[in-house]
Protein chains: 2
Amino acid sequence: METALIKKIYRETDKFVNKEVKISGWIRTIRASNKFGFMELNDGSFFKNLQVVFGEELENFKEIGKYPISSSIFVEGIIVLTENAKQPFELQAKKVVLEGNSNVDYPLQKKRHTLEYLRTIAHLRPRSNTFSAVFRVRSLAAYAIHKFFQDQDFVYVHTPIITGSDAEGAGEMFQITTLDLENPPKDDKGKVDYKQDFFGKQTNLTVSGQLEGEIFALAFRNIYTFGPTFRAENSNTARHASEFWMIEPEMAFADLTDYMDTAEAMVKYIINYVMENAPEEMEFFNSFIDKELFQRLENVVNSDFGRITYTEAVDILKKSGAEFEYPVEWGIDLQTEHERYLTDKVFKKPLFVTDYPKDIKSFYMRLNDDGKTVAAADLLVPGVGELIGGSQREERIPALEKRMEELGLNKEDYWWYLELRKYGETKHAGYGLGFERMIMYLTGMGNIRDVIPFPRTPGVAEF
Amino acid sequence: METALIKKIYRETDKFVNKEVKISGWIRTIRASNKFGFMELNDGSFFKNLQVVFGEELENFKEIGKYPISSSIFVEGIIVLTENAKQPFELQAKKVVLEGNSNVDYPLQKKRHTLEYLRTIAHLRPRSNTFSAVFRVRSLAAYAIHKFFQDQDFVYVHTPIITGSDAEGAGEMFQITTLDLENPPKDDKGKVDYKQDFFGKQTNLTVSGQLEGEIFALAFRNIYTFGPTFRAENSNTARHASEFWMIEPEMAFADLTDYMDTAEAMVKYIINYVMENAPEEMEFFNSFIDKELFQRLENVVNSDFGRITYTEAVDILKKSGAEFEYPVEWGIDLQTEHERYLTDKVFKKPLFVTDYPKDIKSFYMRLNDDGKTVAAADLLVPGVGELIGGSQREERIPALEKRMEELGLNKEDYWWYLELRKYGETKHAGYGLGFERMIMYLTGMGNIRDVIPFPRTPGVAEF
């Protein structure tokens with residue numbers, strides 16, 4: 001008999017009722033009396049468990065009752081509807097065979113564990129309800145992003161992880177080397193001789209694929225990246241990890257409005273896709289992690305995102321009379337308290353803030369005609385703050401070179417980035433979505449360590 | 001007027017014929033006489049160009065004729081069918097507006113360039129026919145892989161890039177550090193003090209996500225990874241890169257046959273998906289890169305892949321009478337010459353070779369009852385050799401520990417890998433597909449540097 005998946009039994013129950021099935025899975029809970037017993041079996045295919053009833057007529061009845069939690073078993077039996085019970089159906093076992101015994105010291109017993117403790121057993125936490133839901137949603141959200149862009153013929157680009165340049169002209173980076181750190185080769189000035197390193201020069205882990213993404217946008221028009229990026233910042237917050245995944249779409253013949261339209265459609269698409277394809281998991285988050293989750297996500301899907309300039313935002317904040325830890329003046333970088341005031345108190349929906357002062361933004365953002373702001377936009381969402389950052393890119397070589405000089409960037413390091421603008425430049429725009437931030441937003445999980453399978457943070461590179 | 005995409009005009013020509021359209025794109029070729037001119041315009045949305053005809057009635061007719069190749073322009077005009085011409089339709093321009101001028105020294109003029117030269121201008125080569133086709137196929141193949149697994153509810157896992165362990169117990173790795181190499185901190189024995197490094201210990205770039213993938217398979221049943229992996233091997237071949245992408249599916253309650261069935265279905269799915277969604281690009285490869293491509297791919301799609309044991313393969317090779325550079329004896333690792341003899345001369349179709357001697361395979365592969373072979377299988381394909389490697393995993397702790405001891409691996413480094421087997425182990429199996437090798441196979445491209453957007457190889461980390 002072929003093994004049936006529990007997801008299929010839930011989704012197509014009619015096909016299975018009163019029929020024989022064979023199931024394999026892991027015991028989540030088990031209890032037995034003298035004459036019969038119950039267990040909750042999870043087979044990995046679905047968030048929910050299948051209830052299995054086993055009775056004394058089974059020859060190994062006594063042993064079954066003693067199987068430790070997390071043992072893996074095969075069960076053959078009949079699916080029976082259970083009216084008026086908590087679960088809609090159960091499997092009445094005719095045969096139970098042990099595949100892999102579990103040890104009684106299994107750390108994930110039924111009692112609740114803290115998320116902090118579960119991080120120390122990252123090899124087992126995917127078997128818990130919370131992480132089963134988190135990582136299935138993560139997988140579906142990743143696919144939703146691919147589907148959203150592929151359906152519109154965006155080309156997926158793998159930009160390099162190992163890089164000789166610093167894409168943002170800022171941000172601490174991890175160095176990559178094959179030199180022997182105990183005894184690195186030195187040049188004639190007594191400095192480390194990177195000519196002898198693997199790539200013949202100093203290399204780092206990428207902080208962004210955007211600049212390479214622009215190369216592809218100027219060939220394929222609409223492209224996106226989706227890959228890991230790295231920050232060697234020694235900051236232990238609930239929102240920062242040293243290794244995280246980013247999506248960076250880039251569009252030629254596109255301006256700031258095109259970026260905002262695309263990003264808005266993308267966010268709505270991801271939410272709708274996950275709500276539709278993981279209803280049980282989302283119900284779990286709404287019940288146990290964040291009781292306002294559905295309300296917040298529905299509000300996002302059903303709103304036209306607001307769009308105001310930075311200058312308007314500063315006006316609103318100054319006139320608000322609200323007390324902020326960081327006082328508001330034109331020219332400051334908006335803090336989370338300011339962003340959340342705008343989204344949570346004023347607009348009550350997602351909000352693009354556009355046209356920031358050039359001095360607080362990156363060199364590649366397009367200078368506006370006022371000479372002091374750039375065509376950048378951040379997407380702020382209620383309850384969280386910044387979810388997406390993007391801009392129209394500076395396509396004019398003189399303006400770009402001027403900014404690079406002001407910021408002390410070495411133009412030679414960016415020869416190809418400048419050269420792109422020499423051969424048929426077009427208006428173009430793009431943005432970056434931190435994937436983990438999107439998953440936190442989708443699930444209500446409060447710590448980035450709990451939405452990454454094996455998080456890397458200062459001092460932590462386990463598993 | 002909204003801008004139309006050239007792909008759409010090709011795919012839904014009827015909707016556009018004799019209608020006004022607006023197009024934006026880059027000039028690929030241009031020639032003009034006194035009274036009219038032609039250009040091939042590519043807008044990035046499609047492999048093929050749109051022919052644009054412009055006449056002396058345009059007020060800027062003289063200037064248009066002088067636009068250098070790769071200039072970006074907007075064109076408004078009417079789509080007209082062109083019977084008996086090479087292209088099925090053309091755009092008769094009513095208005096041509098320059099967006100971004102190109103310099104006359106544009107390196108991608110019409111004449112043919114070598115692939116070697118094009119690698120030095122990786123910021124422009126995506127605009128050439130060959131690389132336009134390669135990177136669009138790469139994007140579609142990536143999506144095909146996601147779709148194949150997601151349609152079967154496999155969970156996509158992002159396994160870590162930065163790792164404290166060496167997944168294969170072999171393979172040279174890149175070290176990651178934030179220590180100052182000019183002056184690294186030392187411990188009291190005079191050795192580099194990695195306690196002061198970013199993660200508090202020595203860390204490397206991953207060579208495989210498999211071991212972490214097994215963690216997820218034992219929770220979600222069927223999972224896959226798709227991410228970058230790294231090898232610091234100083235080998236300059238056409239088939240090796242220092243940074244490449246791998247797909248590593250892992251399945252619980254699965255054995256070697258399940259792995260082979262899944263891998264065979266996946267390979268056929270990818271080929272079919274790309275043939276269907278990139279017919280123009282594939283036609284190009286078959287015409288200009290490898291004239292046997294279609295024949296080979298069709299053979300793969302229509303064959304039941306062969307399955308023989310390593311022992312049978314050795315017998316066949318020994319009895320063949322063929323002369324090999326490396327003599328064949330039971331126990332040797334099969335070389336490409338042997339693999340290709342089996343696929344190209346004997347079987348003439350893809351072939352799984354199974355049950356290799358344990359001494360030439362990894363520690364985590366399941367020992368067969370004969371005590372000398374393991375439940376491993378490599379997929380060999382005609383014209384290439386090995387495309388996929390996989391195995392059933394050793395789930396028995398004593399057998400696993402014995403292999404680790406034989407190979408001198410430190411069991412403490414693998415505490416969680418061993419512990420997985422303590423809490424409800426199941427039979428499980430998985431495999432690895434090198435994504436670039438699949439793209440080479442799909443396109444006929446002979447060098448891995450030409451299927452990676454920005455390749456990293458010894459001495460090379462440009463762009």
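In what follows, every chain begins at residue 1, and chains take the letters A, B, ... in the order their sequences are listed.
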Checklist entry - Can you tell which of B:Phe216, B:Trp415, B:Tyr417 makes a ring-ring contact (aromatic ring centres under 6.0 Å, His included) with A:Phe463? => result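 One option only clears the test, and that one is B:Trp415.
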Heavy-atom pair of closest approach, residues [X] and [Y]:
{"X": "B:Gln150", "Y": "A:Ser139", "answer": "NE2-OG, 3.2 Å"}
{"X": "A:Arg221", "Y": "B:Ser24", "answer": "NH2-OG, 2.6 Å"}
{"X": "B:Leu181", "Y": "A:Gln175", "answer": "CD2-NE2, 3.8 Å"}
{"X": "A:Pro228", "Y": "B:Pro228", "answer": "CG-CG, 3.7 Å"}
{"X": "A:Glu99", "Y": "B:Glu425", "answer": "CG-O, 3.8 Å"}
{"X": "A:Glu243", "Y": "B:Thr159", "answer": "OE2-O, 4.3 Å"}

For chain A, find which of [options] contributes the most heavy-atom pairs closer than 4.5 angstrom.
{"options": "B:Gly200, B:Ser71, B:Ala461", "value": "B:Ala461"}
{"options": "B:Phe131, B:Phe230, B:Trp26, B:Phe149", "value": "B:Trp26"}
{"options": "B:His158, B:His123, B:His146", "value": "B:His158"}
{"options": "B:Ile176, B:Ile161, B:Thr178", "value": "B:Ile161"}
{"options": "B:Asp197, B:Asn101, B:Leu140, B:Leu218", "value": "B:Leu218"}
{"options": "B:Pro455, B:Ala252, B:Pro453", "value": "B:Pro453"}

Checklist entry - Relative to the ring of A:Phe174, is the ring of B:Phe199 parallel (under 30°), tilted (30 to 60°) or perpendicular (over 60°)? => result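 Because their plane-to-plane angle is under 30°, the rings of B:Phe199 and A:Phe174 count as parallel.
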What part of [X] is in contact with chain A, defined as an atom under 4.5 angstrom from a non-hydrogen atom: side chain, backbone, both or neither?
{"X": "B:Tyr224", "answer": "neither"}
{"X": "B:Arg138", "answer": "side chain"}
{"X": "B:Phe253", "answer": "side chain"}
{"X": "B:Thr203", "answer": "side chain"}
{"X": "B:Phe154", "answer": "backbone"}

In terms of heavy-atom proximity below 4.5 Å to chain B, should [X] be classed as side chain, backbone, both, or neither?
{"X": "A:Lys7", "value": "side chain"}
{"X": "A:Phe47", "value": "neither"}
{"X": "A:Ser128", "value": "neither"}
{"X": "A:Ala232", "value": "both"}
{"X": "A:Trp416", "value": "both"}
{"X": "A:Leu205", "value": "side chain"}
{"X": "A:Leu5", "value": "side chain"}

Checklist entry - Just how far is it from atom CG of B:Asp153 to atom CG of A:Asn277, taken to the nearest 0.5 Å? => result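 Answer for the CG-CG pair, B:Asp153 versus A:Asn277, is 9.0 Å.
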Report, as yes or no, whether the 6.0 Å neighbourhood of atom [atom1] on [X] holds more than 12 heavy atoms from other residues, nucleotides or ligands.
{"X": "A:Lys186", "atom1": "NZ", "value": "yes"}
{"X": "A:Lys201", "atom1": "NZ", "value": "yes"}
{"X": "B:Lys195", "atom1": "NZ", "value": "no"}

Checklist entry - Judged by atom type as modelled, is there a donor-acceptor pair below 3.5 Å linking the side chain of B:Arg456 to the main-chain atoms of A:Ile162? => result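 Yes: the side chain of B:Arg456 pairs with the backbone of A:Ile162.
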Next on the checklist: Could you check whether any side-chain N or O of B:Glu182 sits under 3.5 Å from a backbone N or O of A:Val192, counting only pairs where one atom can act as donor and the other as acceptor?
Outcome noted: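 Pair found, side chain donor or acceptor close to backbone of A:Val192.
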Checklist entry - Does A:Lys422 have any salt bridge (Lys or Arg N to Asp or Glu O under 4.0 Å) partners at least two apart in sequence or in another chain, and if so, which? => result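 With neighbours one apart ignored, the set is B:Asp105.
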Checklist entry - Does the side-chain contact (heavy atoms from CB on, under 4.5 Å) test come out yes or no for A:Lys147 and B:Tyr143, once each step is laid out? => result CA-CA 8 Å; A:Lys147 189 164 160 48; B:Tyr143 186 60; 3.3 Å; yes
Next on the checklist: Among residues at least two apart in sequence or on other chains, which ones pass ring-ring contact (aromatic ring centres under 6.0 Å, His included) with B:Tyr106?
Outcome noted: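 A:Tyr423.
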